[in-house]
Amino acid sequence: MALTKETTTSVVSKFGANDKDTGSTRVQIALLSERVKQLTAHCKAFPKDTTASRSLLKVVGQRRKMLKYMQRTDLEGYRALIKELGIRK
C-alpha cells in the first residue's frame, strides 16, 4: 500500500523547493494526501479490511497534525496548500 517511487518523485517535484526537498512540511502533507487517496480507494473496494481502515485513520491524523502546525507557522502557505490539494472546505 506504499506510494510508488514515481508518485513520490512527482509529488516532491511539484510541492518541494527542489527535487531533494522531501522533508518540508508542504511535501510531507502532499505525500500524506496521496496516501489518503490510495487508502480511501482501497477501503471502498475492500470494506472488511480493518487494518487498512485503521491505517487510513492514522494517516489522516498525521496529516491533520501537520496541517495544524503549518497553520500556526505559515498561514498564507497553509491556505495556498489546502486550496491546491482541495482537502478542506
Side-chain angles (χ1 to χ4, degrees):
M1 293 301 298
L3 295 174
T4 62
K5 188 171 185 174
E6 295 80 22
T7 307
T8 304
T9 55
S10 68
V11 169
V12 169
S13 64
K14 183 176 180 183
F15 290 98
N18 55 33
D19 291 339
K20 302 282 184 188
D21 183 24
T22 57
S24 70
T25 310
R26 288 179 50 88
V27 173
Q28 289 184 28
I29 291 171
L31 287 171
L32 287 172
S33 296
E34 283 296 317
R35 185 109 190 273
V36 165
K37 289 177 190 174
Q38 285 185 355
L39 284 171
T40 302
H42 178 81
C43 288
K44 285 182 182 177
F46 303 99
K48 292 186 178 184
D49 190 357
T50 56
T51 307
S53 300
R54 184 172 186 273
S55 298
L56 175 63
L57 291 175
K58 286 178 74 170
V59 171
V60 168
Q62 285 176 340
R63 185 179 69 174
R64 185 182 317 133
K65 287 178 190 175
M66 295 198 93
L67 283 169
K68 192 185 271 188
Y69 167 77
M70 190 167 181
Q71 186 179 16
R72 258 193 344 258
T73 57
D74 181 20
L75 186 60
E76 292 303 316
Y78 165 79
R79 288 179 179 159
L81 182 65
I82 62 171
K83 189 174 187 178
E84 192 170 351
L85 290 174
I87 54 177
R88 293 269 170 122
K89 296 178 192 176

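What's counted below: heavy atoms across the whole structure, side chains too, no hydrogens, waters or symmetry copies.
- Pairs passing the salt bridge (Lys or Arg N to Asp or Glu O under 4.0 Å) check and including a residue from residues 63-77, sequence neighbours excluded, read Glu76-Arg79.
- Closest of all the heavy-atom pairs between Cys43 and Leu56 is SG-CD2, 4.3 Å.
- At least one side-chain heavy atom of Leu67 sits less than 4.5 Å from a side-chain heavy atom of Ile87.
- When side chains are defined from C-beta on, Gln71 does not count as touching Met66, because their heavy atoms never get closer than 4.5 Å.
- The two residues Arg35 and Leu3 have their closest heavy-atom pair at N-CD2, 4.1 Å.
- The side-chain heavy atoms of Ile29 and Leu32, taken from C-beta on, include no pair separated by under 4.5 Å.
- Counted within 6.0 Å of CG on Asp19, heavy atoms from surrounding residues, nucleotides or ligands total 12 or fewer; the atom is thus considered open.
- With a 4.5 Å cut-off on side-chain heavy atoms, Leu31 and Phe15 do not count as touching.
- Distance check: Ser13 OG to Lys20 NZ gives 12.5 Å after rounding to the nearest 0.5 Å.
- The two residues Ala52 and Leu39 make their nearest non-hydrogen contact at O-CD2, 4.3 Å.
- We find the CD-OG1 distance between Gln28 and Thr22 to be 7.5 Å, quoted to the nearest 0.5 Å.
- Checked by atom type, the side-chain pair Thr4/Thr7 shows a donor-acceptor distance below 3.5 Å.
- For the residue pair Ala30 and Val11, the shortest heavy atom distance occurs at CB-CG1, 3.6 Å.
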Taking it one step at a time, do Glu34 and Gln38 satisfy side-chain contact (heavy atoms from CB on, under 4.5 Å)?
-> CA-CA 6 Å; Glu34 283 296 317; Gln38 285 185 355; 5.6 Å; no
